[in-house]
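The structure appears right after this line, and notes come after that.
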Amino acid sequence: MSENTKVTAFKAWLTQNGGGFHPQASYIQAASGLGLIACQDIPPDEEIVSCPIELVVSPSLARDAVSRLLGLQDCSLSSRQWISLYLSLHQLVESNDDPEKCLKHRPYGDILPSPGDLSTPLYFTTEELERFKGTNLYGATQDRIRDWQEEWQECRQLVSQSNPAWGAKFEWKIYLASATYIGSRAFPSSLLSSDPTLPRLDSDNDETIDPILLPGIDCLNHARGQPVSWISHSTTKDNGISKISLVVHRSVSAGQEIFNNYGPKPNSELVLSYGFSLANNPDDSIILKLGGVSGKKWQIGRLAQGADGLWKEILEAMTDDESTNDYEAILDASGALQDMVKTSIRRLPAMDKNPTGQSLRPHVATMLQDYVEGQAATFQSLLDFAEKKEQEGIALAKEAGFELVIEDED
Ligand SMILES: C[S@@+](CC[C@H](N)C(=O)[O-])C[C@H]1O[C@@H](n2cnc3c(N)ncnc32)[C@H](O)[C@@H]1O
């Protein structure tokens, strides 16, 4: 099937099921892969795309379909595993071998990017990945490979027990692509509530949020700050959700791309889960954890946003009593923070003058450059913060009658 035929079939499937695209929006090749382009001027506040509830790929839909197809009972897998397995089975099982039509997302599966078009770090060459050594992203990629491979082994075993021929075909690359689709296209299940919200899917504080796939709505690329709304439509009958739609509040001129807004995401997350980065991304952040203290992870943004909590924790670790005004503790804490930040800065990968050199593909070089720039700028802001605290400590010492001269070791 050609690319156009697949897109036509997908659009027809979406429409037949009660969803669809704006009549003036075409799903075609855009600047970053497939995207939605306005064929004529579209006024603000128009519904751009909608996905009927029947086509939403939720963990429960996936679990029910997979369990029926494989004859599983009371099987426990994570939400990501159920959805990944459901998507993967679309590739492993021919339509003829699925007489009950458990796998009902074939037109959707056909328009998902091929593995060759996926660009998250799990698709980097070894040499490309090595260039990220010294960053949190490098470690996060290694963790993800290990975790997803364990998930794949577990799923493959289930498939093999049910149908050895399907199990034999279930290679790592099939699970990897499915799990990558979830990372780069999923929305939080909270959108299905009557009061939709867009929290982070990896949010530590809400374990009730699952990934869901919204065919059609996930066809839009991301633009930071784009004003959009999520509308969940209720049925008049039982007040359940009938469809989810996306409304874009800016007008779009003919020929322009229509964007979604994936929310404020740092490049660490954009690269790891989506395979792209934004230059000078204002949402960049670093994650720090103090060894031997509470184990809490601190997220610090550019301009040292969020550093106050981290500072308080370091300072409290340096003081025996409740006093956080003790200049010695302030100077110790500031010294510890400066040492920690300087070590992290030194570990960051060196940026080539010509980052699009031969060893890296250009899109990987761009991600490396954007990501390292954000990390370096954020660490530098934290260093400035620590130096300011040092000055405050010196001023307090002076008030107490001590003249301090701090010598810089670097
Ligand atoms: C939900 S899909 C968006 C539609 C997608 N282009 C497609 O082929 O269906 C998310 C993927 O689109 C690409 N993408 C989205 N926004 C982008 C952007 N601003 N710059 C570069 N790539 C982007 C990335 O590959 C990302 O993983």
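Because the structure is predicted, anything quoted here is derived from the model rather than measured.
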Test applied, side-chain contact (heavy atoms from CB on, under 4.5 Å); reference residue, Tyr108; option that passes from His105, Lys104, Arg106 = His105
request  = State, with a plain yes or no, whether a side-chain heavy atom of Glu128 is found less than 4.5 Å away from one of Leu360.
outcome  = yes
message = Once you measure the plane-to-plane angle for Trp152 and Trp172, does it fall in the parallel (<30°), tilted (30-60°) or perpendicular (>60°) bin?
response = tilted
message = Which residues pass the ring pair (Phe, Tyr, Trp, His ring centres under 6.0 Å) test with Phe10, not counting sequence neighbours?
response = Trp13
ask   = Do Leu85 and Phe170 have side chains that get closer than 4.5 Å, going by heavy atoms?
value = yes
inquiry  = One thing to verify: whether Glu313 and Lys296 come together as a salt bridge, which I'm taking to mean a side-chain N less than 4.0 angstrom from a carboxylate O.
reply    = no
ask   = With a 4.5 Å heavy-atom cut-off, do Ile48 and Phe259 have their side chains touching?
value = no
message = Quick check on the 6.0 Å ring-centre criterion: do His222 and Tyr274 meet it?
response = no
task = Answer with yes or no whether the side chains of Asn267 and Asn281 bring together a donor and an acceptor at under 3.5 Å.
result = yes
ask   = If you measure from the Lys or Arg side-chain nitrogens to the Asp or Glu carboxylate oxygens, is any gap between Lys342 and Asp339 under 4.0 Å?
value = no
task = Determine the sole option in Ile217, Leu246, Leu213 for which the side-chain contact (heavy atoms from CB on, under 4.5 Å) test with Cys51 is passed.
result = Ile217
task = Evaluate the side-chain proximity of Ile394 to Glu390: yes if any heavy-atom separation is below 4.5 Å, no if none is.
result = yes
inquiry  = Any donor-acceptor pair under 3.5 Å linking the side-chain atoms of Thr126 with those of Glu130?
reply    = no
query = Roughly how far, to the nearest 0.5 Å, is NE2 of His233 from OG of Ser50?
reply = 6.5 Å
task = Tell me, with the steps shown, if Ile53 and Lys243 meet side chain to side chain contact (heavy atoms under 4.5 Å, CB included).
result = CA-CA 5 Å; Ile53 198 76; Lys243 66 172 187 173; 5.9 Å; no
request  = Give a yes or no on whether a salt bridge exists between Arg131 and Glu127, defined as a side-chain N under 4.0 angstrom from a carboxylate O.
outcome  = no
